[in-house]
S.K.: 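Structure provided below as structure tokens; questions to follow.
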Amino acid sequence: MCGRYVNSRSPEDLGVEFDVDQSVLSERLAPDYNIAPTKRIYAVLDRPGDTPERQLRVVTWGLVPSWAKDRSGAAKLSNARIETAAEKPSFARAFKSRRAVVPADGYFEWRRQDGGVKQPFFLHRPDDRALHLAALYELWRDSTREAGHPDAWWWSATILTTESTGELRDIHDRTPLTVRPGALDAWLSTAPSHPDELRALLAPSTEELVARPVSTLVNSVRNNGPHLLEEYVEAAPTLF
DNA sequence: CCAGACGTTGTT
DNA sequence: GTCTGG
DNA sequence: CCAGACGTTGTT
DNA sequence: GTCTGG
């Protein structure tokens, strides 16, 4: 699945990479090597209109459906299964017309070893180019804010997952989906299409990734920095 | 009809 | 065990 | 995803 | 908002 990831890229670099028309940034996010659900993240999306506009935005990780009474359940909706997203009440409307891409350097998975020890891995492209994670976004009206207030609307997103493929299945059986090269416009389109056609635009990220073991320092969200990506090999047992 | 839920993951 | 916070 | 809290009272 | 259960 995808419960912790990395983005070190600047909004300027992301604007170029995704050819956005406008960056609508409530804040500038620093490079983050330990992004967890409920944190602020960058998302690329198309806003509907006469001429749809591609935007880079800051949203919160954990989708809040428009009909939610409050946003307390958001942390649970950090992932959505592609197998069911089109039908689930929480995701159906977003899947129809509010698709997005979340840029990532890579993400972390934990493999449970025999004996209960959990070994974290960093999964990334061999060439370290950005992952274009397939996502959905939603807008929730915060009724405690007056209309026109900058925070009157809460923007949130969820990352789509599917079954892992290839050797990386050994680490984890679920993996985030990425938008296939050349499929960005179709994926971000606000026009509804058949779920099967949309699914064909995506690929399991495990198809293009490699993994390296890292330190359990990443387990705590209080830790951050590029050192979390360094390969960590357990010290060889000392013989007496 | 109204009331109430609406999610994923991992683990057992 | 289960929920919340990051 | 993992880590950390999980409670009330009264006093500072 | 939309579906399920009663």
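Below, chain A is the first sequence line, B the second, and so on; all start at residue 1.
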S.K.: Across the strands shown, which category fits A:Ser66 at heavy-atom distances under 4.0 angstrom: base, sugar-phosphate, nothing?
M.R.: nothing
S.K.: What is the distance from atom CG of A:Asn223 to atom OH of A:Tyr33, rounded to the nearest 0.5 Å?
M.R.: 14.5 Å
S.K.: Please report the distance, rounded to the nearest Å, between CH2 in A:Trp67 and C1' in E:dC3.
M.R.: 10 Å
S.K.: Ignoring hydrogens and angles, tell me if any N or O in the side chain of A:Arg98 forms a donor-acceptor pair with the backbone of A:Ala157 under 3.5 Å.
M.R.: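 No, A:Arg98 side chain to A:Ala157 backbone: no donor-acceptor pair under 3.5 Å.
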S.K.: Once you apply a heavy-atom cut-off of 4.0 Å, does A:Thr161 come out as touching a base, just sugar-phosphate, or nothing?
M.R.: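 Result for A:Thr161 = sugar-phosphate.
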S.K.: If you walk 5' to 3' along DNA chain D, what is the first nucleotide with an atom under 4.0 Å of a heavy atom in chain A, and what is the last?
M.R.: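 Listing 5' to 3', DNA chain D meets chain A from D:dC1 to D:dG4.
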S.K.: Pick base, sugar-phosphate or nothing for A:Thr158, based on heavy-atom distances below 4.0 Å to the nucleic acid.
M.R.: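 If one applies the 4.0 Å heavy-atom cut-off, A:Thr158 turns out to touch nothing in the nucleic acid.
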S.K.: Counting only heavy atoms not in A:Glu163, do more than 12 fall under 6.0 Å of its CD?
M.R.: no
S.K.: How far does the C1' atom of C:dG1 sit from the matching atom of D:dT9, given to the nearest Å?
M.R.: 27 Å
S.K.: Pick base, sugar-phosphate or nothing for A:Tyr107, based on heavy-atom distances below 4.0 Å to the nucleic acid.
M.R.: nothing
S.K.: Indicate yes or no: does A:Glu208 engage A:Arg125 in a salt bridge with an N to O separation below 4.0 Å.
M.R.: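 So A:Glu208 pairs with A:Arg125 through a salt bridge.
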S.K.: Are A:Ile41 and A:Phe18 connected, step by step, through hydrophobic side chains (Ile, Leu, Val, Met, Phe, Trp, Tyr) whose heavy atoms are closer than 4.5 Å?
M.R.: no
S.K.: So what does A:Asn223 hit on the nucleic acid, given a heavy-atom distance under 4.0 Å: a base, only sugar-phosphate, or nothing?
M.R.: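 Nothing: the residue A:Asn223, judged by heavy atoms under 4.0 Å, touches no strand.
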S.K.: Sub-3.5 Å donor-acceptor pair from the side chain of A:Arg4 to the main-chain atoms of A:Asn219, do we have one?
M.R.: yes
S.K.: Between B:dT8 and D:dC1, how far apart are the two C1' atoms, rounded to whole Å?
M.R.: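 Roughly 11 Å separates the two C1' atoms.
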S.K.: Look at the side chain of A:Asp142 and the backbone N and O of A:Trp154, then say whether any donor-acceptor pair between them is shorter than 3.5 Å.
M.R.: no
S.K.: Can you name the nearest heavy-atom pair linking A:Ser189 to A:Asp46, along with the distance?
M.R.: N-OD2, 4.4 Å
S.K.: Find the distance A:Arg4:CZ to C:dG5:P and express it as a whole number of Å.
M.R.: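 Atom CZ in A:Arg4 sits about 16 Å away from atom P in C:dG5.
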S.K.: Could you write out DNA chain D as a dot-bracket string, with dots for unpaired bases, | for bases paired across to another strand, and Watson-Crick or G-U pairs counted at under 3.5 Å?
M.R.: ||||||......
S.K.: In whole angstrom, give me the gap between the C1' atoms of B:dG4 and C:dG6.
M.R.: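 So the two C1' atoms sit 31 Å from each other.
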S.K.: Would A:Arg199 and A:Glu83 satisfy salt bridge (Lys or Arg N to Asp or Glu O under 4.0 Å), going step by step from the backbone distance to the final call?
M.R.: CA-CA 9 Å; A:Arg199 244 165 267 188; A:Glu83 298 92 331; over 6 Å; no
